[in-house]
Amino acid sequence: MHNMFKFFVLVTVILFVSSPIMAQDKPSLTPPEGFTALDTPNDIGNSISLLWQASANDKEGISYIIYASPLEDGPWLEQDRVLSTLGFKSDAPQYFGLSEENETWHFYEVTSIKKDPTDKNPLPITATTYFKLAISNGTDVIEFHSIVSAAPEGNWFDTSKLNVLIFVSIFSILILYFISLARKNPNLFIRHIPGLDAIEETIGRATEMGRPILYLNGLLDMSSLSTIASTSILGKVARKVANYDSQIMVPCYDPIVMSVCQEVVKEAYAEAGRPDAFKEDNIFFITNDQFAYAAAVDGIIMRHKPAANLFMGYYYAESLLIAETGVATGAMQIAGTDAITQLPFFITTCDYTLMGEELYAASAYLSREPLQLGSLKGQDYSKGFIILVLIIGTIASTAGSAFFINLFRTF
Amino acid sequence: MDSTILGGWIAAGLTLFMFSSLYKDNPFYRFGEHLYLGLSVGYIILKVIYANIIGGLYKPLFEDHQYMLLIPTILGLSLYTRFFPKIAWISRITFAFIVGYGSGLTIPRIIAGGIFQQIEKIITPLGKTGATWWEVFSGIVIIIGVASVLIYFFFSVEHKGIINKISRVGIYFVMIAFGASFGYTVMARMSLLIGRSYDLIEFATPKYYYATIVLLVLMVLILILYESMRKKEEGSEANA
Amino acid sequence: MDQFKKLAPLIVAFVMGVFFGLQYYIPHPFTDDLLTGMSKWFIVIGGIAMGLGIVSLFYSHIYKIKRRAPAWGFSFVMFIALFTMLGVGIYCANAEVITETGKQTIYGWLYQSFMVPLQSTMFSILAFYVASAAFRAFRAKTKEATLLLIAAIIVMFARVPMGEAIYAQIPTFQVGGMTIPPTIGNITGWIMKTINMAAQGGISLGICLGVIAMSLKIIFGIEKSYMGSTK
Amino acid sequence: MSGFLKKMSDLDKRVIFVLISLAVIIPLLYPLFIEINVNPEVKAVYDTIENLPNGSTVFLAMDFDPSSKPELYPMAEAVLRHCFRKNHKVIGMTFWVTGVGLGEKALTDIAKEYNKEYGTDYLYLGWKAGGYALVIQMGEEGIAAAFPVDHYGRETASMPILQKITHLKNIDYLVELAAGASIGTWYYYGKMKYKFKMGGGCTGVMAASWYNLLKIDWINGFMGGLRGAAEYEKLIDKKSKATRGMDAQSVSHMLIIAMIILGNIAYFANRAKGNK
């Protein structure tokens, strides 16, 4: 609205003034107000932003010329010519946010100093640099003598990620609050997860048949949450296996995951009071190649015929290769993965499948610890919160307000 | 016999060896499996030596003097304390280092990349100009789907009454989605088999001296021999 | 000392978790270099740790050979393959050999003639297992299984030319600018763009929350099982 | 009948495996030529080559290797047949050293079919290290400068095919068959500067992303996966490898659907008999 009003006023003025002096053809180009230079916000510190207000001279054929120089009065080197109808603050929301007012400000990012406009390898900008602005309609050039300067520096906080920080804090407070709540009244209601209830029975059955239990941790490394969740479930499962004095085989895809699993299973046997029953070479490394691993695990399944196969963690196309071989040996199979693309194959081959989030809830569910169960309640409240946001957000954005969409913009 | 023909015989042989697991576990599959295991581990050792150790550690440390790399070296070596029970606990520090790094890195990225982008995608305005009533209906179906699936996964609420009904809707969405993506991938898997069949057919041509056919017949004969030998052995064991 | 053994890993996990949790919001070069530096560190740790994996693999196969376990001969095959690949890789990596599909090194020929067939054959076995899993699992035992079955059949039917040809026989008529029944491509398109996206959206939102909860529990030392304590 | 249904419900897996093998191998040996309707993006590539005046020059970049041969090799054959039937001149090349022999085989086999003469009707530059630098050189200094010798080591400058068509800007149409991301190289360093028309083909898994390339006008059409190749074979009315592949897809999909339905019939029959 603001822009339109100014334009209207300008047109009437020109019409009124220019009618007697129509003969004069020199363009009346006024210097833009608010010409400033500043370190580009939210960046690593390798660029400077030049800002100046959009004005009446922004018309076809008019362009701004940017000059830079390392010294205040030093040689002014032409950097670039920018069309006056392009380059606004609103083009870079990651620096200047989403307010409407950005559309009325020109913006030019300087990342290097060129000796001349055709300079092929300009020097990256590091120290304080001075800038001048000029305007030209293709033929004559009018320089504006206001000089501004700025120095690039790394910023310590990226304001465009404020919304992420707020949501991280909300979720963390919700979850930690419910964990502390669980410390007070431990009897929290948690719905049954059939796949996890079946683990006890599955291990019992395997012990009766005198055949081992096979446990896989997926194909990611130890820094991925899917694998961490899988090793924590292994701890609880190994504890039950030790109580039944049965054996658990863990063929591994990654040496670090193998070491963690050896540590976890050893502790489980120790806590079950059977430290000597722990066989470290039941947890062994095969290979770090997807299909060689699948071929070797298939071989183990066909030869050792484990009575129970547990597939936890993240899987790729080899999931069906392993699970379908397991079906042929009549094993009881429980899978838990957050690999959404592989869930259809586990559902068609396993007796129980933990879907996505249930993999992460498994270790808390099996531990029965109030602290751990508290976090599940915190997750439920977060889910309720997201459902509300989805419904309100859609209604709001259908009604035309972009508030919600902008709230969740990520850069 | 230039290397292409030899390569053809090897490829045809190994393909038939691995396919033989479809019949049942047999020496051919075991041979292929162990050959593949050895080759892949050999390949990994080469990669580790040249890329990780020489490229990632030896050169930067000794030639470019990046002494900070001593820290990961110590962390990596500390994993070997596992062989000495008394000081095995030191390896836990490396576990914590990796697990802590993974957890810290994930939280903001999964909120920005996971939650925000999903929300941004779902709350797009329904009634965009020129949107047909069908698109508006589909938009509503998506929101109902996402909400009901989320409610299905509620942990601290009993699946009773209204919650149970909504969860049922949620699981229906999940099942249709999984059925569809299962059906969708069948074509991709089939084209893999088509690719192998092309090769096997090509290796059965005179140019490759009928490699596939010769190898197939040989394998079947040997398997029959192997089965009968095993039955005789089991027979003699049974009455021995 | 015992207390230190328990606390040290937890402190390390806390410091690493908090630092790399906040690093996301700090574009300053100091934190940026650390992130790139960290990926170099993990290349080193991964490389050194692979030694553990090789030791474990060699131990289990040598043990099998020494014990003359059933079919110990195949462990020999594994070692021969391993040392051949190593030998070729180290000593004659760039000895040339001319083949029909192009100039190749022996190493490249070894990869092309052994690894590619083995890998693509294992991958193509999925075509057989997709069929056997579909036959066994797609039984209309429950309402959910019936939906799974119907959706799979519709999509499989629509993806191939024969399906399109058969479906095209059904007479279509116009109702208010919409052809009824819609083309099978539109049906599968709608299922994948609407139902599938909604279900995947719901599940992945759930996963994100599960991951955040687990990360927080690890950073604050509530989830300690990766260190061996099963509590 | 009930004996059959009983056996049907818990059919031995190996019967299914045999059926699947037959469903794939038989159509590959004895094609059924099942009707396939052509998508507009494939028709666009066909129309471009069809509407070029006879004797124009088509540049065929075969950037793939044996791992994606089942989908992309039939595309190369189909495009070559079409070009040679229209007496277009063809220049072939690849960025993938492991697939240089495939390109050469496709070019020589199809050229023999239309008894074209090497050096005047078609030329195979083969593979050379350089990536985008080669494209720039072919544009600025000329094709003969970038490839002084062809795949067979013969000097290219004197070849008749390169007398009129000296630089990239002279070619009429570039067809990029890609297993990787080399389409970007051909666009940024080729089409953007020298303004030749570009189309192509990609593997099935990349097809979804290539629709965007169509929208942002990098290419005016493309063949997506095995199906795209089969559609092109139908357009040039020379059904060969890709069509057989699609026949195998059709038969195997229908077989799985039939088995699912039979399995359910058997399941319900046994259940009905069970609680009778």
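What's counted below: heavy atoms across the whole structure, side chains too, no hydrogens, waters or symmetry copies. Letters A, B, ... are given to chains in the order of the sequence lines, protein chains preceding strands, and every chain is numbered from 1.
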*What part of Ile44(B) lies closer than 4.5 angstrom to a heavy atom of chain C: side chain, backbone, both or neither?*
side chain
_Is it the case that the side chain of Asn196(C) and the backbone of Ala180(B) share a donor-acceptor pair, with hydrogens and angles ignored and the cut-off at 3.5 Å?_
no
*Where does Leu105(B) contact chain C at under 4.5 Å (heavy atoms): side chain, backbone, both or neither?*
both
*Between Tyr43(B), Tyr50(B), Phe17(B), which has the largest tally of heavy atom pairs under 4.5 Å with chain C?*
Tyr43(B)
*Below 4.5 Å from any heavy atom of chain B, which atoms of Leu52(C) appear? Answer side chain, backbone, both or neither.*
both
*Please state whether the side chain, the backbone, both or neither of Ile218(C) comes within less than 4.5 Å of a heavy atom of chain B.*
side chain
*Sort Met214(C) into side chain, backbone, both or neither according to what part of it lies under 4.5 angstrom from a heavy atom of chain B.*
neither
*Tell me, side chain or backbone of Ile54(C) under 4.5 Å from chain B's heavy atoms, or both, or neither?*
side chain
*Hey, would you say the Phe95(B) and Tyr226(C) ring centroids sit under 6.0 Å apart?*
no
*For Val149(B), is it the side chain, the backbone, both, or neither that has a heavy atom closer than 4.5 Å to a heavy atom of chain C?*
side chain
*In terms of heavy-atom proximity below 4.5 Å to chain B, should Leu149(C) be classed as side chain, backbone, both, or neither?*
neither
*Would you mind telling me which of Arg159(C), Met197(C), Met85(C) has the largest number of heavy-atom pairs within less than 4.5 Å of chain B?*
Arg159(C)
*Closest contact, heavy atoms only, Ser113(C) versus Ile10(B)*: O-CG2, 3.5 Å
_Looking only at heavy atoms and a cut-off of under 4.5 Å, which of Ala199(C), Ser204(C), Ala127(C), Gly73(C) has the most pairs with chain B?_
Ala127(C)
_Which portion of Ile53(B) sits near chain C, non-hydrogen atoms under 4.5 angstrom_ = side chain
*More than 12 foreign heavy atoms under 6.0 Å from NZ of Lys165(B): is that the case here?*
no
*Give, as side chain, backbone, both or neither, the part of Phe14(C) having an atom under 4.5 angstrom from any heavy atom of chain B.*
neither
*Ala158(C), part contacting chain B, at a heavy-atom distance under 4.5 Å*: neither
_Could you check whether Tyr152(B) and Phe173(B) have their ring centres less than 6.0 Å apart?_
no
_Proximal component of Arg30(B), with respect to chain C [non-hydrogen, under 4.5 Å]_ = both
*Most heavy-atom pairs under 4.5 angstrom with chain C, which of Ile107(B), Leu22(B), Leu57(B)?*
Leu22(B)
*In terms of heavy-atom pairs under 4.5 Å with chain B, which of Lys193(C), Lys40(C), Gln200(C), Met38(C) leads?*
Met38(C)
*Under 3.5 Å, is there a donor-acceptor pair between the side chain of Asp64(B) and the main chain of Gln66(B)?*
no
_Looking only at the aromatic ring of each residue, does the gap between the centers of Tyr23(B) and Tyr29(B) stay below 6.0 angstrom?_
no
_Part of Val18(C) within contact of chain B (heavy atom distance under 4.5 Å)_ = neither
_For Gln23(C), which atoms come within 4.5 Å of any heavy atom of chain B: side chain, backbone, both, or neither?_
side chain
*State, without any angle test, whether Thr106(B) and Ser215(C) hold a side-chain donor-acceptor pair at a distance under 3.5 Å.*
no
*Choice from Met156(C), Met122(C), Lys5(C), Met50(C) maximising heavy atom contacts with chain B below 4.5 Å*: Lys5(C)
*Report the relative orientation of the aromatic rings in Phe137(B) and Trp190(C); use parallel for angles under 30°, tilted for 30 to 60°, perpendicular for over 60°.*
parallel
*Measure distances from Leu22(C) to the heavy atoms of chain B and classify the residue's part below 4.5 Å as side chain, backbone, both or neither.*
neither
*Answer with side chain, backbone, both or neither: which region of Phe182(B) has an atom nearer than 4.5 Å to a non-hydrogen atom of chain C?*
side chain
*asked:* Does any backbone or side-chain atom of Val15(C) lie under 4.5 Å from a heavy atom of chain B? Answer side chain, backbone, both or neither.
replied: neither
*Counting distance only, does the side-chain N/O of Arg92(B) pair as donor-acceptor with the main-chain N or O of Met227(C) below 3.5 Å?*
yes
*Looking at Ile122(B), Ile93(B), Ile151(B), which has the largest count of heavy-atom pairs under 4.5 Å with chain C?*
Ile93(B)
*Euclidean distance, Thr194(C) OG1 relative to Met192(C) CE, rounded to 0.5 Å*: 11.0 Å
*asked:* Show the nearest heavy-atom pair for residues Gly56(B) and Val44(C), with the distance to one decimal.
replied: O-CG2, 3.6 Å
*Indicate the atoms forming the closest heavy-atom contact of Ser40(B) with Met115(C), along with that distance.*
CA-CE, 4.0 Å
*Looking at Ser103(B), Gly183(B), Gly42(B), Gly195(B), which has the largest count of heavy-atom pairs under 4.5 Å with chain C?*
Ser103(B)
*Between Ile71(B), Thr185(B), Ile111(B), which shows the greatest number of heavy-atom pairs under 4.5 Å with chain C?*
Ile71(B)
*Side chain, backbone, both or neither: which part of Ile194(B) has a heavy atom under 4.5 Å from chain C?*
neither
*Heavy-atom distance under 4.5 Å to chain B: side chain of Phe19(C), backbone, both or neither?*
neither
_Which portion of Met187(B) sits near chain C, non-hydrogen atoms under 4.5 angstrom_ = side chain
*chain B heavy atoms under 4.5 Å from Tyr25(C): which part of the residue, side chain, backbone, both or neither?*
side chain
_At a heavy-atom distance under 4.5 Å, which candidate from Ala134(C), Ser120(C), Ala131(C) has the highest pair count against chain B?_
Ser120(C)
*Is chain B contacted by the side chain of Phe157(C), its backbone, both, or neither, given a heavy-atom distance below 4.5 Å?*
neither
*asked:* For Pro60(B), which atoms come within 4.5 Å of any heavy atom of chain C: side chain, backbone, both, or neither?
replied: neither
*Can you tell me if NZ on Lys141(C) sees more than 12 non-hydrogen neighbours from other groups inside 6.0 Å?*
yes
*Fit a plane to each ring of His61(C) and His34(B), take the angle between them on a 0 to 90° scale, and name the class: parallel (under 30°), tilted (30 to 60°) or perpendicular (over 60°).*
perpendicular
_Among the listed options Thr73(B), Thr94(B), Leu75(B), the residue most often paired with chain C at heavy-atom distances under 4.5 Å_ = Thr73(B)
_Students often mix this up, so state it plainly: with edges at 30° and 60°, are the rings of Phe79(C) and Phe83(C) parallel, tilted or perpendicular?_
parallel
*asked:* Treating Asn52(B) as the side-chain partner and Ile43(C) as the backbone partner, does any N or O pair qualify as donor plus acceptor under 3.5 Å?
replied: yes
*Donor-acceptor contact present, side-chain Thr205(B) to main-chain Ile201(B), <3.5 Å*: no
